[in-house]
Amino acid sequence: MIQASHLSKSFGSIHAVQDVSLSVAAGEIYGLVGSDGAGKTTTLRLLVGALKADAGEISICGYDVRRQGEQARAQIGYLSQRFSLYEDLTVLENIRFFAELRGLKRDEWLPRCLDILDFVGLSAFKERRAGQLSGGMKQKLGLASALVTRPKVLLLDEPTTGVDPVTRQDFWQLLIRIAAARDVAVLLTTPYMDEASRCHRVGFMRGGRILAEGRPSDLRAALQGRILEARGGPLPELRRRAAEIEGVEDVRPFGDKLHLRVAPGMAESVIAALSDAFPARAGSPLEARLIPPTLEDVFLSLER
Amino acid sequence: MTETVIAAENLTRRFGDFTAVDHVTFSVRAGEIVGYLGPNGCGKTTTIRMLLGLLEPSEGRATVLGFDAFRQSEDVRARAGYMSQKFALYDDLTVLENLTFYGGVYGLRERRRLDETLDLVGLRGRERDLTRDLAAGFRQRLALAIALVHRPKLLFLDEPTSGVDPTARRAFWDLIYGLAGEGVTVLVTTHYMDEAEYCGRVGVMRDGQLLAMDTPAALKASVIPGEVWEAHIQPLEAGLEALREADGVLRVGLSGDHLRVIARRGLGAESLRRAAQARGLTAPRLERGEPTLEDVFLALAR
């Protein structure tokens, strides 16, 4: 559905996007993960056709964005980071506005709007002014507006920044259903790993490039057996000693514990060395165990 | 006995009919890193503003660094640093010019002190960089430098690493751990679970109320009512229905290409497999998952 190859975009001397290739299939949720300034939003703007790439090809549902821009855009629903709603219009009027903007006729937009409001759980609020909605409801309205043209491709720029975890949970349940039930290709951006871990596939982005890509479970599996959690004893001392042990590649404090990344096959010897360095003392026994790697561990293990 | 740096007792703030902070009680000891976790609008920033003496409590009181936070707010502010998420950095000034400007607000004019602060946050060598050209991680460090220039004993960080990737966040937290090691007390607000994991203790806030406060490990152990499983099953929706109604299952949610299940302790994989098979589905592939602070939040919020 989304096919981008070798995209590059510079602004003056800043290489915002460098040789980025990605593809997203129907029904798939792809997360572009990285810092502000990593190139995520620029990539999204290239895909949506708002910016022209210096190099590379983009095809959306088979339409070349450069030569068939209008057809390509007709397939896309886009929710930008700061999407604007008309606060003094009702929920229904807001969606209608987006629908008419996209050229839907009255006999088309009304049933669709009602259908989408039902789907996102806003039916009961269709006469309410947008300004009187909670943050989570505004977000659902933004999503509903992006969905009104029945896009085959949905692009979301940091869709859940700043919302309540309960609302975020609801939003994701909705998103997963949209992708699955309507066969929509979803591409979203996020700087956060707990968000990334819910995607089918993720691309880790830094300095305009995709550094690694894959399914969260596969990316994590590559570090299986290499992440240890250690606690006990005075943490600064534990940290210093741990860093000196052979096979320890990285030591990261985490509240009252440490996470260690060790070289392949070194977990047992590192645990033994830790126990030697910190013989069990009353009150502060050392605990060290293998833990399942997280996506954060994966990101940190990437070359700088 | 370690010194108590923050003591909030029934701290409450109302704005008209709206109670932004509702009888919040907690204390923080010297050198601790305490996180305040909650969504936007839950009362985190209002709490900090009361602790800094910028807002008068409607009820209750707070003692900060031994001073009454409201009546002796100047004493508090002279000894506390505050890094706000939307800190006004001057984009068209250099790093050093920004720091010089804010140092001047505290009456600091010595170049040596400014250089030490730049060293501390790892911005030496970037003094002449224009602030607008800084990457997100470096902007954050500059905002931290400004909060630290007067050597506070207590540091309030409001959403300090929003928008930065794990590598920059980790570098930032290394600085914070360094400061805490020297005895600086840190109170961090965040709405992201990833960030809260870095704190020694975490308070969970929702709708103005502090629902719980403890170490991340203790919160997971005490609040989450069961064990976490990741169930790979197709089709997802049917799996969701089947497991939602299974005996002993406390919560099921969609999570990318699998289901995340919280089940009663000791329920075991076999019961989950049977529940799926009873609905005519292929038995799911099951893996134990790690509990997260998000699970804690969802368990407390419902």
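Here is how names work: the chains are called A, B, and so on, in the same order as the sequence lines, proteins then strands, and each is numbered from 1.
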* **Heavy-atom contact with chain A under 4.5 Å, split by part of Glu197(B)** => both
* Counting only heavy atoms closer than 4.5 Å, note whether Val298(A) contacts chain B via side chain, backbone, both or neither. => neither
* To do: Look at Arg169(B), Glu195(B), Glu159(B) and state which one has the largest set of heavy-atom pairs under 4.5 Å with chain A.
  => Arg169(B)
* Structure fact -> Cut-off 4.5 Å, heavy atoms of chain A, and the answer for Asp174(B) is side chain
* Where does Pro236(A) contact chain B at under 4.5 Å (heavy atoms): side chain, backbone, both or neither? -> neither
* Measuring from Met193(A):CE to Asp165(B):CG, what's the distance to the nearest 0.5 Å? -> 7.0 Å
* Ionic contact status for Arg198(A) with Glu294(B), cut-off 4.0 Å -> yes
* If a pair satisfies ring pair (Phe, Tyr, Trp, His ring centres under 6.0 Å) and one of its residues is in residues 196-227 of chain A, list it, with sequence neighbours excluded. => Phe204(A)-Phe299(A)
* Go through the atoms of Ala135(B) and report whether side chain, backbone, both or neither lie under 4.5 Å from a heavy atom of chain A. => neither
* Structure fact -> Result for side chain to side chain contact (heavy atoms under 4.5 Å, CB included) between Glu158(A) and one of Leu79(A), Asp36(A), Leu188(A) points to Asp36(A)
* Portion of Asp297(A) that has a non-hydrogen atom of chain B nearer than 4.5 angstrom -> neither
* Of all of Leu175(A), Val33(A), Asp250(A), Leu295(A), which one pairs up most often with chain B through heavy atoms under 4.5 Å apart? -> Asp250(A)
* Asked: Using 4.0 Å as the upper bound for N to carboxylate O, is an ion pair formed by Arg244(B) and Glu241(B)?
  -> yes
* Is Asp194(A) salt-bridged to Arg260(B), going by a charged N under 4.0 Å from an acidic O? -> no
* Rounded to the nearest 0.5 Å, what separation is found between the OG1 atom of Thr19(B) and the CG atom of Asp207(B)? -> 10.5 Å
* Which pair of non-hydrogen atoms, one from Met1(A) and one from Ala185(A), has the smallest distance, and what is that distance? -> CB-CB, 3.5 Å
* Non-hydrogen atoms of Ala263(B) and Leu250(B) that approach each other most closely -> C-CD1, 4.1 Å
* Asked: Just checking, is any N or O donor in the side chain of Thr189(A) or Asp157(A) under 3.5 Å from an acceptor N or O on the other one?
  -> yes
* To do: Decide whether a cation-pi geometry holds between Arg288(B) and Trp229(B); the criteria are a distance under 6.0 Å from NZ or CZ to the six-membered ring centre and an angle within 45° of the ring axis.
  => yes
* Structure fact -> Correct closest heavy-atom pair for Ile176(A) and Gly256(B) would be CD1-N, 3.4 Å
* To do: Heavy-atom distances under 4.5 Å only: say whether Phe297(B) touches chain A with side chain, backbone, both or neither.
  => side chain
* residues 9-16 of chain A: residues contacting chain B (heavy atom under 4.5 Å, by number) -> none
* So which part of Arg201(A) gets closer than 4.5 Å to some heavy atom of chain B, the side chain, the backbone, both or neither? -> neither
* Asked: Contact part of Leu37(B) toward chain A, heavy-atom cut-off under 4.5 Å: side chain, backbone, both or neither?
  -> neither
* Quick one: do Arg231(A) and Glu229(A) make a salt bridge, cutoff under 4.0 Å? -> yes
* Are any of the side-chain nitrogens in Glu87(A) or Lys138(A) under 4.0 Å away from the carboxylate oxygens of its partner? -> yes
* Taking Cys199(B), Gly38(B), Pro235(B) one by one, which has the highest count of heavy-atom pairs under 4.5 Å against chain A? -> Cys199(B)
* To do: Measure Glu230(B) against the heavy atoms of chain A and call it side chain, backbone, both or neither at under 4.5 Å.
  => side chain
* What option among Met193(B), Arg201(B), Glu237(B) has the most heavy-atom pairs under 4.5 Å with chain A? -> Glu237(B)
* Asked: So which heavy atom on Ala171(B) is nearest to which on Arg141(B), and how close?
  -> CB-NH2, 3.7 Å
* Asked: Going by atom types alone, do Thr167(B) and Arg206(A) pair a side-chain donor with an acceptor below 3.5 Å?
  -> yes
* **chain A contact via Arg206(B) - which portion, at a heavy-atom distance below 4.5 Å** => side chain
* **Pairs flagged by ring pair (Phe, Tyr, Trp, His ring centres under 6.0 Å) wherever residues 166-191 of chain A is involved - sequence neighbours left out** => none
* To do: Considering only heavy atoms, give the residues of residues 212-225 of chain B separated from chain A by less than 4.5 Å, sorted numerically, with 'none' for an empty result.
  => Thr215(B), Ala217(B)
